[in-house]
Amino acid sequence: MTSKTESRTGRIRELNDAFRHTFVGGAVMITSGVEAMPPDQRRSLLQKVRSFDAFTEDNDPHAEHDFGAVDEGGERYFWKIDYYDRDTEHGSPDPTDPAVTTRVLTIMCADEY
């Protein structure tokens, strides 16, 4: 991996972590299965997504911290960050640049994937 690639990946990872930890700087979407959860359980799930740090080479092969899986109430949930242009119509031209990127974090039941 080149230094430029490492720097780009590091910047994407930094932006993804900041967004996921705060839910600020993008859009957070939940599926109907997550919406149907009891409020206390949903809050717990959202906190687990915010604090997730169990990244490994197996679950984060590109080192961007853009996907994770957590358990809540005996069920498995996935979260995923995607990068769109500012109008959320197309992919971002440059996910390292917040001025041209809208991050979308989707949280879903594993069986909704």
Side-chain angles (χ1 to χ4, degrees):
M1 193 181 292
T2 67
S3 178
K4 185 175 182 178
T5 301
E6 288 172 1
S7 175
R8 178 178 170 77
T9 300
R11 178 68 176 146
I12 291 170
R13 181 174 51 248
E14 175 183 287
L15 291 167
N16 286 347
D17 285 344
F19 171 46
R20 184 174 42 78
H21 289 288
T22 64
F23 294 166
V24 174
V28 178
M29 310 298 291
I30 60 173
T31 60
S32 59
V34 174
E35 177 67 28
M37 296 172 74
D40 288 346
Q41 192 175 5
R42 188 171 50 245
R43 274 192 291 278
S44 177
L45 172 63
L46 295 177
Q47 184 55 42
K48 287 178 180 180
V49 170
R50 282 183 158 159
S51 63
F52 184 87
D53 68 355
F55 296 104
T56 68
E57 209 170 280
D58 289 335
N59 69 14
D60 190 30
H62 302 290
E64 293 181 353
H65 292 189
D66 61 352
F67 177 85
V70 296
D71 294 320
E72 174 58 43
E75 300 291 328
R76 191 77 159 161
Y77 294 87
F78 296 144
W79 60 267
K80 173 76 174 113
I81 298 175
D82 293 297
Y83 321 117
Y84 293 94
D85 65 7
R86 296 303 289 169
D87 295 324
T88 64
E89 293 180 11
H90 304 284
S92 170
D94 181 2
T96 66
D97 184 355
V100 298
T101 303
T102 298
R103 282 178 159 66
V104 176
L105 169 63
T106 304
I107 304 169
M108 69 197 83
C109 303
D111 64 3
E112 292 177 306
Y113 185 70

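The figures that follow rest on heavy atoms only: side chains count, while hydrogens, waters and symmetry mates do not. Everything numeric in this text was worked out from a predicted model, so none of it was measured.
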Enquirer: Tell me the closest heavy-atom pair linking T22 and R50, and the distance in Å.
Expert: O-NH2, 3.3 Å
Enquirer: Looking only at heavy atoms, what is the nearest atom pair of E112 and G33, with distance?
Expert: OE2-N, 2.9 Å
Enquirer: I'd like to know if the side chain of H65 pairs up with that of D17 as donor and acceptor (distance under 3.5 Å, no hydrogens or angles considered).
Expert: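 A pair is found: one side chain offers a donor N or O, the other an acceptor, under 3.5 Å apart.
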Enquirer: Does the side chain to side chain contact (heavy atoms under 4.5 Å, CB included) test come out yes or no for M37 and E75, once each step is laid out?
Expert: CA-CA 11 Å; M37 296 172 74; E75 300 291 328; over 6 Å; no
Enquirer: Should L15 and Y83 be counted in the same cluster of Ile, Leu, Val, Met, Phe, Trp and Tyr side chains packed under 4.5 Å apart?
Expert: no
Enquirer: Please check if Y84 and M29 belong to a single hydrophobic cluster, counting links between Ile, Leu, Val, Met, Phe, Trp and Tyr side chain heavy atoms closer than 4.5 Å.
Expert: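 Result: yes, single cluster for both.
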Enquirer: Return the CZ to CZ distance between R20 and R103, rounded to the nearest 0.5 Å.
Expert: 12.0 Å
Enquirer: Supply the atom-to-atom distance H21 NE2 to F52 CZ, rounded to the nearest 0.5 angstrom.
Expert: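 If we round to the nearest 0.5 Å, H21:NE2 and F52:CZ are 10.5 Å apart.
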Enquirer: Show your reasoning for whether side chain to side chain contact (heavy atoms under 4.5 Å, CB included) applies to H62 and I12.
Expert: CA-CA 10 Å; H62 302 290; I12 291 170; over 6 Å; no
Enquirer: Dump the intermediate steps for side chain to side chain contact (heavy atoms under 4.5 Å, CB included) on D94 and R8, then the final yes or no.
Expert: CA-CA 10 Å; D94 181 2; R8 178 178 170 77; 3.2 Å; yes
Enquirer: If I compare all heavy atoms of K48 with all of D71, which pair ends up nearest, and what's the gap?
Expert: NZ-O, 2.8 Å
Enquirer: Is the closest side-chain heavy-atom distance between F67 and N16 below 4.5 Å?
Expert: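 In short, these two side chains do not touch, never coming nearer than 4.5 Å.
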Enquirer: Is a donor on one side and an acceptor on the other found under 3.5 Å between the side chain of D85 and the backbone of T88?
Expert: yes
Enquirer: As an exercise, state the distance from CG of L46 to CG of L105, rounded to the nearest 0.5 Å.
Expert: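 Answer for the CG-CG pair, L46 versus L105, is 9.0 Å.
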Enquirer: Between C109 and Y77, does a side chain to side chain contact (heavy atoms under 4.5 Å, CB included) hold up when you go through it step by step?
Expert: CA-CA 4 Å; C109 303; Y77 294 87; 3.5 Å; yes
Enquirer: In Å, rounded to the nearest 0.5 Å, how long is the span from CD of E89 to OG1 of T102?
Expert: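 Interatomic distance, E89 CD to T102 OG1, rounded to 0.5 Å: 10.5 Å.
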Enquirer: Answer with yes or no whether the hydrophobic clustering places V104 together with F23; edges join I, L, V, M, F, W, Y residues whose side-chain heavy atoms lie under 4.5 Å apart.
Expert: no
Enquirer: Treating D97 as the side-chain partner and T101 as the backbone partner, does any N or O pair qualify as donor plus acceptor under 3.5 Å?
Expert: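 Flag not set: sc D97 to bb T101 has no pair under 3.5 Å.
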Enquirer: In Å and rounded to the nearest 0.5 Å, what is the CZ to CG distance from F19 to D66?
Expert: 12.5 Å
Enquirer: Look up atom CZ in R13 and atom CD1 in I81, then write down how far apart they are to the nearest 0.5 Å.
Expert: 12.5 Å
Enquirer: Is it the case that over 12 heavy atoms from other parts of the model lie below 6.0 angstrom from the OH atom of Y113?
Expert: no
Enquirer: Could you pull out the closest heavy-atom pair between G73 and Q41, with the gap in Å?
Expert: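 Residues G73 and Q41, closest heavy atoms: CA-NE2, 3.3 Å.
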Enquirer: Quick one: closest heavy-atom pair of E72 and L45, and the distance?
Expert: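 Of all heavy-atom pairs spanning E72 and L45, the closest is OE1-N, 4.0 Å.
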Enquirer: With heavy-atom distances below 4.5 Å as the criterion, would you say the side chains of F78 and T106 are in contact?
Expert: no
